[in-house]
Structure formats: structure tokens, C-alpha cells
Amino acid sequence: MTSTVDPLHTAIEPGILYFGTPVVLISTDNEDGSVNLAPMSSAFWLGWRAVIGLNARSKTTENLVRARECVLNLPSDAMAANVDRLALTTGSDPVPPVKVQRGYRFEPDKFGVAGLTPVASEVVGPPRVAECPVNLEAVVEDVRSLAAEDDVQRGKILVLELRIVRVHVHDDIRMEATNDRIDPDAWRPLIMSFQQLYGLGPRVHQSTLAQVPERLYRGPDIERARTL
């Protein structure tokens, strides 16, 4: 029988539910040929697909919907200061009202402000971030509205499905004696948790799931990307 008494939990209503996700710097091309670079952390991956959530009126969203391509650059925890310089900047001019309220300012040179270096991508137009240990070139496969059933929220937040077409990594996070694996003990992603920036600590327990060979997860998107 389920207990009706729970002395361990309290019901609360936090404004955000960011319990800890990787920070992503998304590079996109603006309509005038300049480049936008924006930090975000509403992202997760399934195979060679990424799902991200963005404000529908952000410059990054506008660029993604129009040009259908981007680079997902994953910074390490050593890059926290670079990422933080972008925190209250936007590529939208004029600045959307909701961002004005939160203290954002228009910034046309995101790479310069962050102190980061653009390098050419192989397949997509937007540049990669040289300093980020991981660059994922991607194309947009689907765009849909979040909370479509809600009259107030409908159309304000978009969920985008991205297909990865190239993966670039720094050699120092590659697993020794392998060609295509990342060493989780060497990779130290930057994590956003309730508006604060964190790094990962050491491994806390051996994972049973890690006994499954990684090659068994390889999907058809990898072969598809080779043809580009």
C-alpha cells in the first residue's frame, strides 16, 4: 500500500527546472552574412540527433528556422568565463521586450566579446568555436511549438530536432587506443544548474550500462553524414 505521508519532500514551485544540463554555444549565420553565437542549455542527444528548446523570438531561432543549419559547440568547464561574457547579450536588434526586462543588450560581435576564435566548418555555413573541445555541425530536420495546447504559451518556445553531420573533438578528450570514442574521464563539460555554472566531479560509480559496446549504438545517421 502506498504511504500518504512523505516526510522527505516538500511541494514547491520553482520558476525554472534546470537541474543540470550541458552548456551549448550555438553558432548560426545571420541574414546579412555575419555570425551569431549564443549560449543555451536546453539540449539533449539521442544518437546523432539533438533536441533543443529555444525562445521563438531569439536571433538564434530566427537563423535556424531560416538557414536550417548550425554548429553546437560544447565548452569545457575551463571556458566558464568566456561563456559568461555572452550571458546577457543578444544578436537581435532591437532587443525583444522580454530580454530588455532581463537586462540584455544587443551585441553584433559575439565571438569578440567572448574572446573566442571562429574556424570554418566542413559541411554547414556557420563557423565552429576553436576553443570548444567538441563541435557538432548540424542541420535542422524539424521545428515544432512547445505547449501547443496552451493559448498563452503557444508559439513562444520552439523545439528543434537537429541531425548531426560532423563531429570534431580535441585530441586530448579522445579515448586512447580507439578511433571514435570520447574519454569520459578526460571530458569536462560546462554544466548549467539553476542559473549557475559548474563542472563535473570525478566518477562516483562504475556504470553497468558501460558494459554495452558503444558500437551497438551506432545508427544510420552516421553513414548518412559520410555522404555529405
Side-chain angles (χ1 to χ4, degrees), residues 1-26 38-58 60-61 72-88 90 96-104 132-134 136 142-162 173 175 181-214 216-217 219:
M1 181 177 179
T2 303
S3 173
T4 58
V5 178
D6 182 3
L8 301 178
H9 296 85
T10 299
I12 65 173
E13 297 179 337
I16 55 175
L17 295 175
Y18 279 77
F19 287 94
T21 50
V23 173
V24 182
L25 294 178
I26 305 181
M40 58 85 71
S41 56
S42 296
F44 70 91
W45 287 261
L46 293 168
W48 273 40
R49 302 277 169 142
V51 178
I52 64 174
L54 294 169
N55 186 297
R57 292 198 60 192
S58 77
T60 295
T61 306
L72 305 175
N73 303 280
L74 308 186
S76 69
D77 56 7
M79 297 176 62
N82 303 88
V83 171
D84 195 52
R85 293 177 194 140
L86 294 170
L88 292 177
T90 177
V98 66
K99 289 194 172 183
V100 170
Q101 184 181 29
R102 295 173 183 176
Y104 280 71
C132 285
V134 180
L136 306 174
D142 191 29
V143 180
R144 67 197 71 170
S145 176
L146 190 69
E149 84 294 343
D150 189 300
D151 291 340
V152 176
Q153 299 183 84
R154 185 185 306 116
K156 293 183 178 180
I157 300 176
L158 298 183
V159 177
L160 298 95
E161 178 186 343
L162 310 176
I173 67 169
M175 185 175 289
R181 296 192 63 183
I182 305 298
D183 184 348
D185 289 322
W187 169 225
R188 285 290 175 263
L190 185 63
I191 301 295
M192 170 67 73
S193 180
F194 292 98
Q195 297 180 283
Q196 296 292 342
L197 297 171
Y198 294 88
L200 288 181
R203 187 190 310 179
V204 296
H205 195 279
Q206 180 65 37
S207 171
T208 301
L209 187 63
Q211 296 175 14
V212 179
E214 187 172 314
L216 297 181
Y217 293 99

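All values below come from the heavy atoms of this structure, side chains included, with hydrogens, waters and symmetry mates left out. Along the sequence shown, the residues carry numbers beginning at 1.
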Do Tyr18 and Ser42 come within less than 4.5 Å of each other through their side chains, counting heavy atoms only? yes
For the CG atom of Asn73 and the CE atom of Met79, what is their distance to the nearest 0.5 Å? 8.0 Å
Side chain proximity check, Val98 to Arg102, heavy atoms < 4.5 angstrom: yes
Phe44 side chain reached by Thr21 side chain, heavy atoms, under 4.5 Å: no
Arg85, CZ atom: more than 12 neighbouring heavy atoms under 6.0 Å: yes
Contact between Leu25 and Leu86 at the side-chain level, heavy atoms closer than 4.5 Å - yes or no? yes
Would you call Val5 and Pro7 a side-chain contact if the rule is heavy atoms closer than 4.5 Å? yes
Main chain of Glu161, side chain of Asp142: is a donor-acceptor contact present, judged purely on distance under 3.5 Å? no
Short question: side chain of Ser145, backbone of Arg154 - any donor-acceptor pair under 3.5 Å? no
First locate atom CD of Gln206, then atom OG1 of Thr208, and finally report the distance between them rounded to the nearest 0.5 Å. 7.5 Å
Might you point out which heavy atoms bring Trp45 and Pro22 nearest each other, and give the distance in Å? CZ3-CG, 4.4 Å
Validation row: Thr60, Met40 side chains within 4.5 angstrom (heavy atoms): no
Counting only heavy atoms from other residues, nucleotides and ligands, does the tally under 6.0 Å from CD of Glu149 exceed 12? yes
First locate atom CG of Leu162, then atom CH2 of Trp48, and finally report the distance between them rounded to the nearest 0.5 Å. 14.0 Å
Minimum heavy-atom separation for Arg188 and Pro202, please, with both atom names. NH2-CA, 4.2 Å
Interatomic spacing from OG in Ser58 to CD1 in Ile26 - rounded to 0.5 Å: 8.0 Å
Heavy-atom pair of closest approach, residues Pro75 and Val83: CG-CG2, 3.9 Å
Gap separating the CG atom of Asp183 from the CD1 atom of Ile173, nearest 0.5 angstrom: 9.0 Å
Going by heavy atoms in the side chains, are Leu200 and Asp77 under 4.5 Å from each other? no
Rounded to the nearest 0.5 Å, how far does CG of Leu146 lie from CG of Leu160? 11.0 Å
Ignoring hydrogens, what is the shortest heavy-atom contact between Asp6 and His9? Give both atom names and the distance. OD2-ND1, 2.8 Å
Measure across Ile16 and Phe194 and return the closest heavy-atom pair with its distance rounded to 0.1 Å. O-CE2, 3.4 Å
Any side-chain heavy atom of Val134 within less than 4.5 Å of one from Ile182? no
